[in-house]
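What you see below is based on every heavy atom in this structure, not just the backbone, and it leaves out hydrogens, waters and symmetry mates.
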Amino acid sequence: MIISLALLLLVTASGTLATYAYDDVGNFPARLCTGACTAIAALGLIGFIVASFFGLTPLAIVLTLVVLAAPLALLKNSHRRVVVQQDVTKAWRRVRDCISHPSRIPLGYTLFYAIIGVILWRAFQRAMIDLPEGIYTGVLNNFGDLPFHISVITSFAYGNNFLPEDPTYAGVRFTYPFLTDFVSAIFLRCGADLRQSMFIENFVLALAFVGVLHRWALELLRDRLAALLTPILVFLNGGFGWVLLWPAMQKHNSTAELLKALPVSFTVIPETTWRWGNAVSALLIPQRGFLLGLPLAVIVFTQWWLATGDTETRGQGDAENKNKSEKSKRQTKKRGAAKQGHLRVSLSPHLRVSPIHRMIAAGIIAGLLPLVHAHSFVVVMVVGACIALLQRRWREWITFAVVASAIALPQIWWSTHHSAVNAARFFEWQYGWDHGKENAIWFWLKNAGLFIPLTIVAVSWRGKHPLVSRRLLLFLAPFSLCFIIPNVLKMAPWIWDNIKVLFYWWVASAPLVAILLARLWQKGFAQRFLALVLFACITLAGALDVGAIAMQSTKYQVFDSAGVGFAELVKEKTEPRALIIHAPVHNHPVFLTGRRSLMGYPGHIWTHGLDYTQREAEIKRIYAGGSDAPLLLQKYGVQYAVVGPHERDLMTVNDQFFSRFQVIGEVGGYRLYKITQP
């Protein structure tokens, strides 16, 4: 665990140092958040390339660190070295002053990040719960995803899965974006246990995501309150699901009883048309690729905004500034001095970054996305192309496109070359997203609540000081495609997965709603009360979802203790690349071993665009001991077979057929057979 934390600190320091090459207006906290996200992505991509040649060995990890140390070369520049020294010294002094003089602590920002940090710590701690009775999750939406991500992590850490096969469907190229899980595999190899390897990455990325959202909103809006509201609106997204709280309140006499018995979710409920899942409970915890893809994309958006505007035009539409001349004067006065407690600092007198350098950096970061989160990469490239058409700053945008493509296209070619994925399964016309038989307009009003109407009000607000400047409106307008396209086109075999694109519409609209609420707050008492009511309506459903995760002790068993013990036996008795046949369920103990699985859960395989029906039928014939069972085992090259509770519950097991094979281990009802081929 200590080595894993040291590794994380080292790469974060490297990523933070790299920001001085392309960002001249970020202060140290903003650089840390940006550096953590970009460095973790680089650790994954570079580490994977190196491990493809050497395996995931100590040598591969050391070589990866050597490459990631490249930003140290930036310190050769004396001006940049001075800025780095000043920032580090200033940050250390502020921490020391806050410890020795608590009265100097910037209370607002400290409380904001402290509360968010505690909530995220608690929520991600419950993503995987390791107990003597087995492995659990405290997040129902993670019940199906956790075993899949474990199978990916262990396939790299224990199964030498290079070049990667799908860990749930042996023999098929792995096309699912896996770099977030590969980073956890690195931590696992550095001494962290399985739970720790996921938690340390998850928590750092989630907290950094708050920071990059805060910084992005501050650059866009130049309003402190709106910048703080933006990450809250993103993390506590939801609709009118909070109305379901009233029936629950009527069943319980006290608040304590109510908190213990809160429904699992107020945002996404199976078998209903409540489908707009909360970011934390439905996206960031279960879908680990999204947890890294989102902050990387927001970092790219921030650099776009800064690159396509000069110092005088940044932040038009600021609710705090009265006119352009006053804004210019204030920016001039702020140069050379950081503002305490603020994630935005003024232009450094020692650093001058051109728009081209920003676009090169944005291109490099965007280029990391295909193997992190493919949907995020598509969003970045499509939205970027649309903004380029509106702005017509061809030199900057062509630079971005060329750099991003140079890094991304080899990854895309590699992951799709000889792929068994049927692309036709991903695309189909379907109106209204996942609205079922419900009217699409009512569906969105119910699921998004007042968010859409408030976005329209913010854009339409006119008067002496419009809320949204023309430049900001043109910049954010293309993000509306992230709402329109997923509402007319199915972009994945499972229509709900369109949320991976839809959520970017919410992220881009959140600053607009935030500035509207901030403007109302700056008015009289009645407007402040209205702002509070509107804020509660938008965030209450999401807050209830997150609160249920953080405060309740409910847990769902994924692997029992016998299964965990059996997994250890499999790791001990089988080779890292052994092929094992077992029941096609999502939580089989084989997924804890990193060994190759002939077939896992059909639901996961289907969402990856693979046709599993023939193999599923053949597995059932093998366990039934059919006449063609020996030939099928030979066809797939199966080396080991499991007969245990899952197999007996799901299929007919012919014990007489398996008695011809050697039993090499048994734990708690799970039996491992060695298959000898004729």
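The side chain to side chain contact (heavy atoms under 4.5 Å, CB included) test applied to Gln196 returns Met1, Ala192, Asp193, not counting sequence neighbours. In terms of the ring pair (Phe, Tyr, Trp, His ring centres under 6.0 Å) criterion, residue partners of His588 (sequence neighbours excluded) are, by chain and number, His582, His646. Residues meeting the side-chain hydrogen bond (donor to acceptor under 3.5 Å, both in side chains) test with His373, sequence neighbours left out: Ser376. With sequence neighbours excluded, no residue forms a salt bridge (Lys or Arg N to Asp or Glu O under 4.0 Å) with Arg660. Applying the side-chain hydrogen bond (donor to acceptor under 3.5 Å, both in side chains) rule to Glu428 yields no partners; only residues at least two apart in sequence or on another chain are considered. Taking the ring pair (Phe, Tyr, Trp, His ring centres under 6.0 Å) definition, one finds that Tyr623 meets it with Phe658, sequence neighbours left out. In terms of the side-chain hydrogen bond (donor to acceptor under 3.5 Å, both in side chains) criterion, Ser14 has no residue partners (sequence neighbours excluded).
Residues Phe426 and Val421 form a side-chain contact, since some pair of their non-hydrogen atoms from C-beta on lies under 4.5 Å apart. A 4.5 Å side-chain heavy-atom check between Leu598 and Arg615 finds at least one atom pair inside the cut-off. At a threshold of 4.5 Å between non-hydrogen side-chain atoms, the residues Glu133 and Phe559 do not count as touching. Under the 4.5 Å side-chain criterion, counting only non-hydrogen atoms from C-beta, Leu294 is in contact with Phe503. Considering only heavy atoms from C-beta on, Val558 stays 4.5 Å or farther from Ile150 through its side chain. Between Ile581 and Val642, the closest side-chain pair of non-hydrogen atoms is not below 4.5 Å. By the 4.5 Å heavy-atom criterion applied to side chains, Leu194 and Met128 are counted as neighbours. Arg577 places a side-chain heavy atom less than 4.5 Å from the side chain of Asn161.
Judged purely by atom type and a 3.5 angstrom limit, Asn202 has no side-chain atom pairing as donor or acceptor with the backbone of Ile285. With hydrogens and angles disregarded, no donor-acceptor distance shorter than 3.5 Å links the side chain of Asp166 to the backbone of Arg173. Under a 3.5 Å cut-off, the side chain of Trp433 and the backbone N or O of Ile495 do form a donor-acceptor pair. Judged by distance alone, with hydrogens and angles left aside, the side-chain atoms of Glu568 form no donor-acceptor pair with the main-chain N or O of Val564 at under 3.5 Å. Looking at Thr168, its side chain never comes within 3.5 Å of a backbone N or O of Gly600 through a donor-acceptor pair. Remark: side-chain polar atoms of Gln411 are not paired, donor with acceptor, to backbone N or O of Leu369 under 3.5 angstrom. Although no hydrogens or angles enter the test, the distance criterion places no donor-acceptor pair under 3.5 Å between the side chain of Thr180 and the main chain of Leu291. A distance-only check finds a donor-acceptor pair linking the side chain of Asn498 to the backbone of Pro486 [under 3.5 Å]. Checked by atom type and distance alone, the side chain of Asn142 never pairs as donor or acceptor with a backbone atom of Asp145 at under 3.5 Å.
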Evaluation steps, side-chain contact (heavy atoms from CB on, under 4.5 Å), between Thr64 and Leu68: CA-CA 6 Å; Thr64 301; Leu68 289 176; 4.0 Å; yes
Verdict with supporting geometry, His604 and His586, side-chain contact (heavy atoms from CB on, under 4.5 Å): CA-CA 8 Å; His604 289 152; His586 78 285; 4.2 Å; yes
CA sep, side-chain torsions, deciding dist, call: His149, Phe178, ring-ring contact (aromatic ring centres under 6.0 Å, His included): CA-CA 9 Å; His149 289 292; Phe178 56 79; over 10 Å; no
Evaluation steps, side-chain contact (heavy atoms from CB on, under 4.5 Å), between Leu8 and Thr12: CA-CA 6 Å; Leu8 181 60; Thr12 299; 4.1 Å; yes
Criterion side-chain contact (heavy atoms from CB on, under 4.5 Å) on Trp494 and Thr607, from CA distance to verdict: CA-CA 6 Å; Trp494 184 28; Thr607 60; 4.1 Å; yes
Derivation and outcome, ring-ring contact (aromatic ring centres under 6.0 Å, His included), residues Tyr169 and Phe174: CA-CA 9 Å; Tyr169 204 66; Phe174 194 31; over 10 Å; no
Side chain to side chain donor-acceptor pair (under 3.5 Å) between Glu575 and Tyr640, intermediate numbers included: CA-CA 10 Å; Glu575 308 80 31; Tyr640 298 91; 2.9 Å; yes
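Applying the salt bridge (charged side-chain N to carboxylate O under 4.0 Å, His left out) test to pairs two or more places apart or on separate chains, none has a residue in residues 553-564. Sequence neighbours left out, the pairs with a member in residues 586-610 that pass salt bridge (charged side-chain N to carboxylate O under 4.0 Å, His left out) are Glu165-Arg596. Annotation: salt bridge (charged side-chain N to carboxylate O under 4.0 Å, His left out) contacts involving residues 180-191, sequence neighbours excluded, comprise Asp181-Arg288. Pairs of residues two or more places apart, or lying in two chains, that qualify as salt bridge (charged side-chain N to carboxylate O under 4.0 Å, His left out) and include a residue from residues 627-651 are Glu618-Lys635, Arg621-Asp628, Arg648-Asp655.
Figure legend: cation-pi geometry between Arg126 and Trp121 absent, as NZ or CZ is not positioned both under 6.0 Å from the six-membered ring centre and within 45° of its axis. Cation-pi contact between Lys571 and Tyr158: present, with separation from the ring centre below 6.0 Å and deviation from the ring axis of at most 45°.
In this structure, Phe566 has its ring center closer than 6.0 angstrom to the ring center of Tyr670. Remark: aromatic rings of His608 and Phe148 are close, center separation under 6.0 Å. In this structure, Phe235 has its ring center closer than 6.0 angstrom to the ring center of Phe209. The distance between the ring centers of Phe124 and Phe203 does not fall below 6.0 angstrom.
Side chains of Thr613 and Asp611: a donor-acceptor N/O pair is present below 3.5 angstrom, by distance only. Checked by atom type, the side-chain pair Asn278/Thr267 shows no donor-acceptor distance below 3.5 Å.
One finds the NZ atom of Lys620 at 6.0 Å from the CG atom of Leu650 (value rounded to the nearest 0.5 Å). Taking CG from Asp434 and CG from Asp497, the interatomic distance works out to 10.0 Å, rounded to the nearest 0.5 Å.
A perpendicular orientation is assigned to the rings of Phe290 and Tyr504, their planes being inclined by more than 60° (bins at 30° and 60°). The aromatic rings of His417 and Trp413 sit parallel to each other, their planes meeting at less than 30°, with 60° as the upper class boundary.
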Can you give me every donor-acceptor pair (side chain of residues 48-58, partner residue at least two apart or in another chain, under 3.5 Å) with its distance?
{"unit_1": "Ser52", "atom_1": "OG", "unit_2": "Phe48", "atom_2": "O", "d": "2.8"}
{"unit_1": "Thr57", "atom_1": "OG1", "unit_2": "Ala60", "atom_2": "N", "d": "3.3"}

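When all heavy atoms are compared, the tightest approach of Ser197 to Leu188 is CB-N, 3.9 Å. Closest approach of Phe377 and Ala366 over heavy atoms only: CD1-O, 3.5 Å. In this structure, Ala185 and Ile153 approach most closely via the heavy-atom pair CB-O, 3.6 Å.
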